[in-house]
Each structure stands twice: as C-alpha cells, then as structure tokens.
Amino acid sequence: MKKNDICIDISNVVPGKGGTGGGIATYAINLITHLDSILTPEHPKVYCIKNIDFKSLDDLKNIIVKDVDVNNSNFISRLTWLHLRLPKFCIANNIKVLHRIVPELPAIKVCKYIVTVHDFMFDFYLERPALKKYLPGANLLKFKLFKALAGMAVRISDRIIVPAETILFELRERFPKHGHKATFIYEASASVRSEKREKKKLIH
C-alpha cells in the first residue's frame, strides 16, 4: 500500500503534567485547528495524536484525532512512545510524513520527518556556568538528554519549522549543515491568510 497520510504528534503537550508549557500548547492548538480548516477531501488523510490528558481539539472536522496514554514525566514511558510505539503507529497507518511539535524524533527513520524547534533553552542553560550550577543532578541529566534529542532531531529531520526569525538564525548558527531545512512560519499571528498559505505548502 502506498504511503500518503500525515501524522502530527502532539502527545508531549500536557501543561502541568510533565509535558510542554502553555506556549507550545497554544502553538499546537493553532496549528491543528488552522490545518483542519483548510483540508479538503482531495488532501491526504491527517492524523493528530494527542495525550489523553490534553483536553482540547475535540471538535475537528477533517483531522482524525487519536488519544494515547503517555506519561511525559517518566523517561521510560516517554522514550518508549517516541522510539517504539510511534514508529509502529506510522508503519501500521502508512504514514508518509510525521510532524512532531517538539524536537524529539524516533531514532528509526520510518517515513519523512518534520520537527518544530521552538527555542534552544536547554543549550542556553548548559552553556552558562552561572545558570548550570543551579541545576540539581536529575535536572542536569534531563537537560543534557533533551539537548541531545533536539540535536538528533535537527540532523535526521527532512524539514524544520521555527516560529520566530531569531530561532531560525540561531538554528543556522548551531547547525550550519542543516539550516537549509528550516522554514520560518508565523504561527498564532494576525495574518490567517499567511498561515494557511504556509500550511498548504507543507501539505503538498
């Protein structure tokens, strides 16, 4: 069977429960709802995978929502989802493009990957001794792990989305060999027409 479908994974979005914060949650909601508004029957099938604890996106008309149980506070649960369960879902559903809104991608390449890079917070803390010294042992390990995951995601992704020009410039400085894959998209801006035009480019 030919791969045509798209999967957008926002399973890490659970503000207050070990997931990403409110800013990325807003980004995820805007991305999914605006995409849902421009999809037509001629477009490929689009799945949205969200955490069972994320109470939103229940009124979509054109995107298929799949709830998954992932404990983002638990590294084993989070990494098992990322590297085993998610690739299995993509294979089982003939996914052609996987888009994750956090910079963490499966180590195994099962389809084309798109990733959103919102910032370089972990790098910022780890590169500044004055801040790094305030990270207790567990947090220091977590910051190093997520920095490594983000670097891997940038390297193996086929396309990278950034929500701000400053992040685009920083990404190109940090990853000069991969900066050409990055695209700056205004998300949650006042120009809905601009947003829809950019999302149509991603669909095709």
Side-chain angles (χ1 to χ4, degrees), residues 3-13 19-21 23-28 30-32 34-35 44 46-49 72 75 78-79 81-87 89-91 95-128 131-132 140-189 194-195 197-204:
K3 293 183 177 181
N4 287 311
D5 298 336
I6 297 170
C7 175
I8 304 176
D9 178 19
I10 63 170
S11 58
N12 293 124
V13 179
T20 55
I24 297 180
T26 300
Y27 173 91
N30 285 339
L31 175 69
I32 299 298
H34 292 163
L35 181 58
V46 178
Y47 294 91
C48 171
I49 301 179
N72 287 298
F75 277 146
R78 185 165 180 153
L79 295 179
W81 165 254
L82 177 64
H83 297 295
L84 295 177
R85 295 172 60 196
L86 180 56
F89 175 90
C90 291
I91 293 171
I95 299 301
K96 181 179 181 180
V97 178
L98 168 67
H99 176 197
R100 299 203 81 227
I101 65 161
V102 293
E104 302 168 24
L105 289 172
I108 300 173
K109 195 73 176 288
V110 297
C111 59
K112 290 187 177 182
Y113 290 159
I114 298 175
V115 67
T116 297
V117 175
H118 296 270
D119 55 44
F120 292 94
M121 181 189 71
F122 300 112
D123 303 72
F124 182 83
Y125 275 82
L126 293 173
E127 292 168 0
R128 289 163 174 77
L131 297 176
K132 184 179 178 181
L140 180 61
L141 179 62
K142 181 179 76 172
F143 274 46
K144 289 182 177 180
L145 174 61
F146 284 132
K147 177 184 177 181
L149 287 173
M152 183 186 79
V154 168
R155 288 188 289 272
I156 70 174
S157 64
D158 297 281
R159 292 289 300 276
I160 304 167
I161 295 174
V162 295
E165 285 184 302
T166 54
I167 303 303
L168 177 62
F169 298 147
E170 186 172 358
L171 186 146
R172 288 175 175 170
E173 288 181 357
R174 292 182 179 276
F175 302 93
K177 293 183 179 179
H178 303 278
H180 66 281
K181 298 186 293 186
T183 301
F184 169 41
I185 292 181
Y186 289 97
E187 187 55 56
S189 72
S194 175
E195 290 176 349
R197 182 170 61 250
E198 293 298 336
K199 289 179 179 62
K200 284 183 179 179
K201 290 180 182 178
L202 288 178
I203 293 173
H204 295 291

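What you are looking at is a predicted structure, and each value in this text was computed from that prediction instead of being measured. Heads up: numbering here begins at 1 and tracks the sequence. What you see below is based on every heavy atom in this structure, not just the backbone, and it leaves out hydrogens, waters and symmetry mates.
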Distance check, rounded to the nearest 0.5 Å: [X] atom [atom1] versus [Y] atom [atom2]?
| X | Y | atom1 | atom2 | answer |
| --- | --- | --- | --- | --- |
| I8 | I95 | CD1 | CD1 | 10.5 Å |
| L31 | I161 | CG | CD1 | 7.0 Å |
| I49 | N12 | CD1 | CG | 11.0 Å |
| D158 | L105 | CG | CG | 9.0 Å |
| W81 | S11 | CH2 | OG | 5.5 Å |
| I160 | R155 | CD1 | CZ | 10.5 Å |

Charged N-O contact under 4.0 Å between D9 and R85: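 The answer is no: the pair does not qualify as a salt bridge.
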Exam field: side chain H34 to backbone N30, donor-acceptor pair closer than 3.5 Å: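 Confirmed, H34 side chain pairs with N30 backbone.
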Looking only at non-hydrogen atoms, find the nearest pair between [X] and [Y] and report the distance.
| X | Y | result |
| --- | --- | --- |
| E104 | A153 | N-CB, 4.0 Å |
| K109 | C111 | CE-O, 3.1 Å |
| L82 | P87 | O-CD, 3.3 Å |

Residues forming a side chain to side chain contact (heavy atoms under 4.5 Å, CB included) with I91, sequence neighbours excluded: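 Per chain and number, I91 pairs via side chain to side chain contact (heavy atoms under 4.5 Å, CB included) with V110.
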What donor-acceptor contacts under 3.5 angstrom involve side-chain atoms of residues 118-125, with partners at least two apart or in another chain?
residue, atom, partner, partner atom, Å
H118, NE2, I101, O, 2.8
D119, OD1, M121, N, 3.2

Check whether any side-chain heavy atom of [X] lies under 4.5 Å from a side-chain heavy atom of [Y], and answer yes or no.
| X | Y | result |
| --- | --- | --- |
| L140 | L126 | yes |
| L98 | P106 | yes |
| P103 | V154 | no |
| L149 | L79 | yes |
| V162 | E170 | no |
| K181 | S157 | yes |

Aromatic F146 / basic K142 pairing, under 6.0 angstrom, 45° off normal: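 Verdict for F146: no cation-pi partner in K142.
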Crowding at NZ, K144 (>12 non-hydrogen neighbours, <6.0 Å):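 Counting other residues, nucleotides and ligands, NZ of K144 stays at 12 neighbours or fewer.
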